[in-house]
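Notes for the one structure printed next.
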Amino acid sequence: MRKIVAFITCMLCITGIFAQRSITGKVTEENGSPVANASVAIKETGVGVFTNSEGSFTIRADDRAKTLVISFVDRATEEVSIGSRTEFAVTLRPQDKTMQEVVMVAYGTARKNALTNSVSQFGAKELENRPVTNLLSAITGIAPGVTTNSTNGQPGTSPAVRIRGFGSVNGSNSPLYVVDGVPYDYDIANINVDDIETVSVLKDAAAASLYGARAANGVIQITTKKGKKDRTQIQVNAAQGFMSRGIEEYNRVDAYQYYPLMWEAYRNSLVYPSAAGTAALPIDSANKIATGLMPRNGAGLQVYNGKTYSDISQLLGYNPFNVARTAIVGVDGTLNPNARLLYADDLDWLKDIQRNGTRSDYTVAVSGGSGKTDHYFSLGYVNEKGFVLNSDYKRYSARMNVNTQATNWLKTGLNLAGVFTKANQGANDGSGLGSTGLVNPFYSSRIIGPIYPVFAHDVNSGAYILDASGNRIYDIGSMANLGLPNRPSLTGRHAIYETRLNENILQRNVFSGRIYADINFTKDLKLTTNFSGDASNSLRSQFENKIVGDGAPSGRGARNTTNNFTMTFNQLLNYTRSFGEHTIDAMVGHENYDATYRTVTTQRTGQVIEGITELSNFTTTTNLTSAKDRYKIESYLSRLNYSFMNRYFLSGSFRRDGSSRFAPDTRWGNFWSVGAGWRVDQEKFIQGASWLSLLKIRSSYGLVGNDDLLDDNNLSIYYAYQSFYDLGNNNNTEAGAAQSTVAGNPDLGWEVNKQFDIAVEFGLLKSRINGQIEFFDRRSSNLLFRVPPPLSSGGLSFPQNIGTMYNRGVEISITGEVVRKRDFSWTVTGNWTTFRNRITKLPVKEIPSTASSTQKWEVGHSRYDFWVRDYYGVDPIDGAVLYRAKAWMPATTKVLAKGDTVTTDQNNALLHYAGSSIPDFFGAIISSFNYKGFGLSFQLNYQVGGKVYDDNYATLMNASYGYALHTDISRRWKKAGDVTDVPRLDAGRNSQFNAVSDRWLVDASYLTVQNVTFSYNLPASVSSKAHLQNVRFYVTGENLYMFTKRQGLNPIQNFTGVTTNVYVPSRNITAGINMTL
Amino acid sequence: MKKMRIVFILAATVILGTVSCKKSYLDTAPTDQVTEQTILNTTANAQIALNGIHRIIWRQYFQQSQAGEGSMMIMIDNMGEDLLNNASSSGAFYNGIYRWEAHRNADNLDLYFAYFLYYRLISNANMLINNIDKAAGPDAEKRQIKGEALCYRAWCHFNLVQLFAKRYDAAAKPNTQPGVPLMVANTTEGLPRASVEDVYTQINKDLDDAIANLTGYNRSYKSHFNVNVAKGIKARVALTQQNWALAATLAAEARTGFPLMDNTAYLSGFSDATNSEWMWGSIIPNDQGTFFYSFFAFMASNYSANATRTNPRSINSNLYNAISATDVRKQLWSPAGVTPPANGTKFPYTSVKFKVKDPNFSVGDVVYMRSAEMYLIEAEAKARLNQDAAAAAVLFTLANKRDPNYVLSTNTGAALINEIMTQRRIELWGEGFRFTDLKRTNSALDRTGANHNASIAVTLQVPAGDKRWEWLLPTDELNANPAAVQNPL
């Protein structure tokens, strides 16, 4: 990059007419082989040529020419004094990357060694091995301090990204994305990864402060590729892969184990009745009732002591065995040894819709440049088919990037991108809110009891029941017409069948345009104006069938559209000047940001003609709403960088932003930063140390803002300073409006993030070891909170700026070139991040938690500290769950021999802090071996410490009729005296035994084999015969395996550390070829 | 250099032209909401806010057992002995309530909903009560809006105090036991629980004001309040406070103009507000339906929902047996079970009382007050005042309408009260009265000896006065309102 920038700069210099002469030379590698296509330029005049295939060049120089600049990809740029010589031999050496890199920073670029703030940058090279559709899927582990979750395996979805901890509570914690210099509010999946040249993660306030308004959570800058002058090339990337389930299912009991377990759960509920005052049944009678041996009444129920009872087969509905209903489980609680399953082949719910997922990814890019213009065009196509039916994602993308030096004072360019995506989200929840939607096949297949078949079977023979055309019939669990019993779980629902019948398609068209003009007034003074527009329009087409599920009985269709347009317009005035050893770089600017979000949601019921799902084919409109939101920011910005002797660096910035989200009196915020850097290695006293190639100390402090208060569904609240009535609450024919559940707060203002950062960067042994150690302290103040008011106020949230919180941590990253030989190299990179998150100030002692939450916010605790019941253990006497008691209650509390007061009533359980979902430390190990053309690389991501609240597991430990059980149930309490941590199975005590408590917390440590790639580059001698510059073959595996504390667990599913039943992440194995023509 | 100067001027113009944005550039507003100020500005707009309350009394809340008051009616009856569930699934809606578990689990979502629903209605009502006087518009409209809002506030506090506090005992005045937070002005500060006595005092005051304000007001729809409904609510309150004389008087006044329906109408499905004896109810068109949240998705015999197919509600067999064979109400249930919707399962003693108007939609009008109830209130109150003859006469009007063979009761004293209460259980089955009737009369719950399945019902008997008659306050209220104290666990 740097060379190109330097080269272009040179070209811009105005050439006059001077005396000319010819200079010739040869450029070689250290080993003597010629370097073709190296750039050779005269520094003073900007005249440039490229070397030919023998490495030779001829260039015309006039009498101003004093320095020759020779540069080539991955090689250190050489500057040679011309003097009176006309013949040169130049040897290029490998580039010392850390010293030379140009880094994309806010509103411009900077040389890495002059940087005073924290920026991690990676680019096309790091991404070429990663078979991902979305850049964000590849980001974890590459940049220290950055974490992503993997909420959803649905193809095309984006993970959430956090940089250096969690800066906000109810405000957004997402970084700001900046694409080609302009904030980008849309899905990063819209960007073809092959189009990406560099990704910069601006981590500290000083780096990000120029994006002050929305940079509190860091900035991820994405820069797309540009053409390279005089190097026309065609790049073809083709990859084809397979996708499969990345995380195994939880271990669950099978049908043979299940029936006796549920028998026991029922029997115990009779022996230990949950209703106070109800007499316990003698165990012999309870055994008989559970098995079904008591006399029956006319309704088929057993009668005992004047009360009627079901047997276990009546409660479970189905008898999957070849024995009589009352002979499945004996009075001793064991399964009848003669029992055999009638339909053992039909109990795997996911099998029917699981498939071999595939992934295709093709990009063709043409780039180049001539004269004063460069260009880059690309076309991309991705087609992902998830490993579950009706989950796929297609993306067509095109990009054009053209830049031209129109006149000697005007440079302009246009970057246009168009993306069309079509995602079939049939296997997803659809609502996007929870994961317990009954159409979600992951949820349904996980929790359904192992005795319930996918298809309907004759209750006696177990044979498939066929329809008139001889096809199997899906068993929806409520088919009395076929003589089937009702299924107590997922009654009347069938996630598999519904996934097949329903439709849930999201189409999205995104257009992005960026245009700019650079106007040079003088050599030092430049005006840049950028104008950008991003339009994202989507249509979600949904249809719910009339046979089974939410659409029944009449069918339901919906068409929901969004129409979003975001505009940014800025004007930046830059002044750069050197005075001797002093260099000044100043910038002032102004920016407008204007976003319009429109939605139309519709829903109609009463499908008329089968097979047509358009709205006109329904009879009754049940939803028809539209809304428009505006969000605007106006900003004034400035920056000053100063360097002295290329050794001392100072920088400062100031920015003032007004946000439409706050009231006129509170909407303006001032944000600023200062930074300093010192290249210690440039000092005389140390310059002699040959082992030290770089030593830099840098530090910065700055303020950035956050205005993005979110609602319960993580959607932005745009007008929190006003109180509203929601329209559309019509009462029959009369217009109506109801109070919004969010109370307005006119005093609401900016959340401010103050960040201090200090780092040491070093290079040792001729840069064979490079690294940096960095300490950060992010303090968020005026936190945006949605405080839950008492329910009796009739509202659900009250936005306020209260409290402060810090994220304090250390990031270390070290890269070592273990072997650096001509044919063999081996590099290892390790990074390690730890941080501590603490709430330090609140006006009240604590922010009230809610029953549905597992966490509470209080001074001295982190944003993600678990606040749950204190699970004490299992009472060896009766197998009941004991919690530490809050208060003495006569019937439900007791004092144990050890002196602990415990309770069986979950309402009286003591709640306590029980760890945090934030790990002790995390990071990655990345290594690559290269031998001649062969390459082998791998990336391991790790996390140690932290807890996960495994809600999925808790559900599987719940003895509820018809629902699946985890195999850990085998450890349950069975008889008096048993000492165990799993309580007795009791269908009547789920709300007591399985209440939210620290019993469900599990260590969140993991190790992931994130990527392994094997690649082979054809030797140039072979590829050139086919007129190809470069050919590379590779096989790569993404998300290959995750080691966790429990099978089925995904510890990085959510930052809150609570597991849900979303689409399981996929494992991806891909083979591909990259060709450069 | 001249050229440079031109460029510079051009560029400067561009900068200045854009830098100086209008001051209003950053003022934005939503398009699907209006500000509080706008809605409270005029009486015309305030009517819109009032209609909003009439709507959110039936909208979908957090889960399918939560479509506003219709769902509360199912809960109240499911906790008595007369409305029983047939399916065992713990995941099935209302089963936790039927078992007497949900209302004693402070984290439970149904309990949370009950508490939130009424306070949400109160909050909306308070906005009108406390601001309508400042709005521009005719006084008559202000009185009507305030009167209707007062009805809501009173009725909601009344429902809350019945569920979450110990019952009102006229023999123990003043009733100092903790009631519920009394919200007469909106605040996010948590208020302590006012005493039951104070809550009832405010309820009666609000109802008196409502009656004064609504006198002379002719409503357009039965989803609105009028003076009859206000009096009807006050009759219920008086009955609960064992203020028999007042209850009898108000009930008689309230039902004026709402003649009892005939026996054809009685079998037509209880989903049409045009019925002559409906005094108050929600009128719900198809395009405002609540899908599987709807009251009818659980209670209607002709609408296919999971609940109606696999867990249709049945009547207590003892109560069914108490209905005379010539009574039209005997036709609402069948010992063998009524025909369920397609693919449904038939259970004994299921009902055809509730039917949707169109089987494609889970939609019907939901009745909150009928004049039949007013007869029953008057009869009960008079019987408890030992005016046996008068009580029997009032009962006769209703019972004879339902059963032409019914003869004037000769019962007296407890036997008469018993007969009236049985009539009440039959007449109001499924309409949300049984739990609160048991509680206000300090009776025990007894589900034994009938068709309740102990495996499903779990709780068959609860003695009168047991702490389980009080619903627990939801965790979220306790957490956010330190002044609120939980009921005894």
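A note on names: the letters A, B, ... follow the listed sequences, proteins ahead of strands, and every chain is numbered from 1. Scope of the values below: all heavy atoms of this structure, side chains included, with no hydrogens, waters or symmetry mates.
Side-chain contact check for Asn124(B) versus Tyr725(A): some heavy-atom pair is nearer than 4.5 Å. Side-chain contact between Pro30(B) and Tyr718(A) is absent, with no heavy atoms from C-beta onward closer than 4.5 Å. Contact check for Asp594(A) versus Tyr25(B): side-chain heavy atoms found under the 4.5 Å cut-off. Inter-residue side-chain proximity for Thr278(A) and Leu460(B) is flagged as unmet; no heavy-atom pair is nearer than 4.5 Å. The side-chain heavy atoms of Glu734(A) and Ser220(B), taken from C-beta on, include a pair separated by under 4.5 Å. Two residues are said to be in side-chain contact when any heavy atoms from C-beta on lie closer than 4.5 Å; Asp550(A) and Phe292(B) meet this criterion. A 4.5 Å side-chain heavy-atom check between Asn732(A) and Tyr221(B) finds at least one atom pair inside the cut-off. Taking the side chain as every heavy atom from C-beta outward, Asn186(B) and Gln739(A) approach each other to under 4.5 Å.
Both the backbone and the side chain of Ala49(B) come within less than 4.5 Å of a heavy atom of chain A. Looking at Thr188(B), the atoms closer than 4.5 Å to chain A (heavy atoms on both sides) sit in the backbone and in the side chain alike. Both the backbone and the side chain of Ser723(A) have a heavy atom closer than 4.5 Å to some heavy atom of chain B. Looking at Lys628(A), the atoms closer than 4.5 Å to chain B (heavy atoms on both sides) sit in the backbone and in the side chain alike. Looking at Arg104(B), the atoms closer than 4.5 Å to chain A (heavy atoms on both sides) all sit in the backbone: N, CA, C or O. Contact of Leu316(A) with chain B is not made at all, since no heavy-atom distance falls under 4.5 Å. With a threshold of 4.5 angstrom between heavy atoms, Gln603(A) approaches chain B through side-chain atoms but not through N, CA, C or O. Proximity to chain B is limited to the side chain of Gln722(A), based on heavy atoms less than 4.5 angstrom apart. Contacts between Pro474(B) and chain A at a heavy-atom distance below 4.5 Å involve the side chain alone, from C-beta outward. Using a 4.5 Å cut-off between heavy atoms, Ser626(A) contacts chain B through its backbone alone, with no side-chain atom that close. The part of Pro664(A) that comes within reach of chain B is its side chain, from C-beta onward, which places non-hydrogen atoms under 4.5 angstrom from that chain. For chain B, the nearby parts of Ala276(A) are the backbone and the side chain; heavy atoms of each come within less than 4.5 Å. Only the side chain of Arg556(A) comes within less than 4.5 Å of a heavy atom in chain B; its backbone stays farther off. Ser659(A) touches chain B through its backbone: at least one of N, CA, C or O sits under 4.5 Å from a heavy atom, while the side chain does not. If you measure heavy-atom distances from Ala29(B) to chain A, the contacts under 4.5 Å come from the backbone alone. Contact of Glu189(B) with chain A is made through the backbone alone, with heavy-atom distances under 4.5 Å. Proximity to chain A is absent for every atom of Leu160(B), based on heavy atoms less than 4.5 angstrom apart. Proximity to chain A (any heavy atom under 4.5 Å) is shown, for Ile284(B), by neither the backbone nor the side chain. With a 4.5 Å cut-off on non-hydrogen atoms, Met889(A) touches chain B through its side chain but not through its backbone. For chain B, no part of Tyr304(A) is nearby; none of its heavy atoms comes within less than 4.5 Å. If you measure heavy-atom distances from Leu301(A) to chain B, the contacts under 4.5 Å come from the side chain alone. Interface residue Glu36(B): backbone and side-chain heavy atoms are both found under 4.5 Å from chain A. With a 4.5 angstrom heavy-atom cutoff, Pro273(A) does not touch chain B via any of its atoms.
Interatomic distance, CG of Asn306(B) versus OG of Ser478(A), reported as 6.0 Å (0.5 Å rounding). Interatomic distance, Gln906(A) CD to Leu489(B) CG, rounded to the nearest 0.5 Å: 9.0 Å. Taking OG1 of Thr620(A) as the reference point, atom CG of Asp358(B) lies at 7.5 Å (rounded to 0.5 Å). Put simply, CZ on Arg309(B) and OG1 on Thr491(A) are 9.0 Å apart, with the number rounded to the nearest 0.5 Å. Remark: Tyr303(B) OH to Ser554(A) OG distance equals 6.5 Å, nearest 0.5 Å. Interatomic distance, CG of Asn343(B) versus CG of Leu484(A), reported as 9.5 Å (0.5 Å rounding).
Heavy-atom pairs under 4.5 Å with chain A peak, among Ile283(B), Thr475(B), Asn286(B), Asn311(B), at Ile283(B). Counting heavy-atom pairs closer than 4.5 Å to chain B, the top residue among Thr308(A), Leu270(A), Ile476(A), Val996(A) is Thr308(A). Among the candidates Leu478(B), Asn105(B), Leu117(B), Thr38(B), the residue making the largest number of heavy-atom pairs closer than 4.5 Å to chain A is Asn105(B). Highest contact tally toward chain B, considering only Ser793(A), Ser274(A), Gly988(A), Gly477(A), is held by Ser793(A) [criterion: heavy-atom pairs under 4.5 Å]. Counting heavy-atom pairs closer than 4.5 Å to chain B, the top-ranked of the candidates Pro790(A), Ala275(A), Ala995(A) is Pro790(A). For the set Asp905(A), Thr741(A), Thr625(A), Ile289(A), the entry with the most heavy-atom pairs within less than 4.5 Å of chain B is Thr741(A). The choice from Ala480(A), Pro789(A), Ala737(A) that makes the most heavy-atom pairs within less than 4.5 Å of chain B is Ala737(A). For the options Asn360(B), Asn45(B), Leu473(B), heavy-atom pairs under 4.5 Å to chain A are most numerous at Asn360(B). Listed options Thr310(B), Leu121(B), Asn481(B), Asn453(B) were ranked by heavy-atom pairs under 4.5 angstrom with chain A; first place goes to Asn453(B). Contact count against chain A (heavy-atom pairs under 4.5 Å) is highest for Tyr115(B) among Tyr118(B), Trp100(B), Tyr115(B), Phe347(B). Of the listed residues Thr35(B), Val462(B), Thr459(B), Leu109(B), the one with more heavy-atom pairs under 4.5 angstrom with chain A than any other is Thr35(B). Most heavy-atom pairs under 4.5 Å with chain B, from the set Tyr719(A), Phe662(A), Tyr309(A): that is Tyr719(A).
Other residues, nucleotides and ligands contribute at most 12 non-hydrogen atoms within 6.0 Å of the CZ atom of Arg598(A).
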message = Evaluate Asp27(B) against Arg667(A) for side-chain contact (heavy atoms from CB on, under 4.5 Å), listing each step before the verdict.
response = CA-CA 10 Å; Asp27(B) 293 335; Arg667(A) 68 171 50 134; 2.8 Å; yes
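For Lys307(A) against Ala454(B), the heavy-atom pair with the smallest separation is CB-CB, 4.4 Å. Residues Gln288(B) and Asn730(A) share a closest heavy-atom pair of OE1-O, 3.5 Å. The two residues Ser310(A) and Ser455(B) make their nearest non-hydrogen contact at N-OG, 2.8 Å.
Using a distance-only test at 3.5 Å, with no hydrogens or angles considered, a donor-acceptor pair links the side chain of Asn907(A) to the main chain of Ala106(B). A side-chain donor-acceptor contact under 3.5 Å links Glu477(B) to the backbone of Ser792(A). Looking at Ser304(B), its side chain never comes within 3.5 Å of a backbone N or O of Pro553(A) through a donor-acceptor pair.
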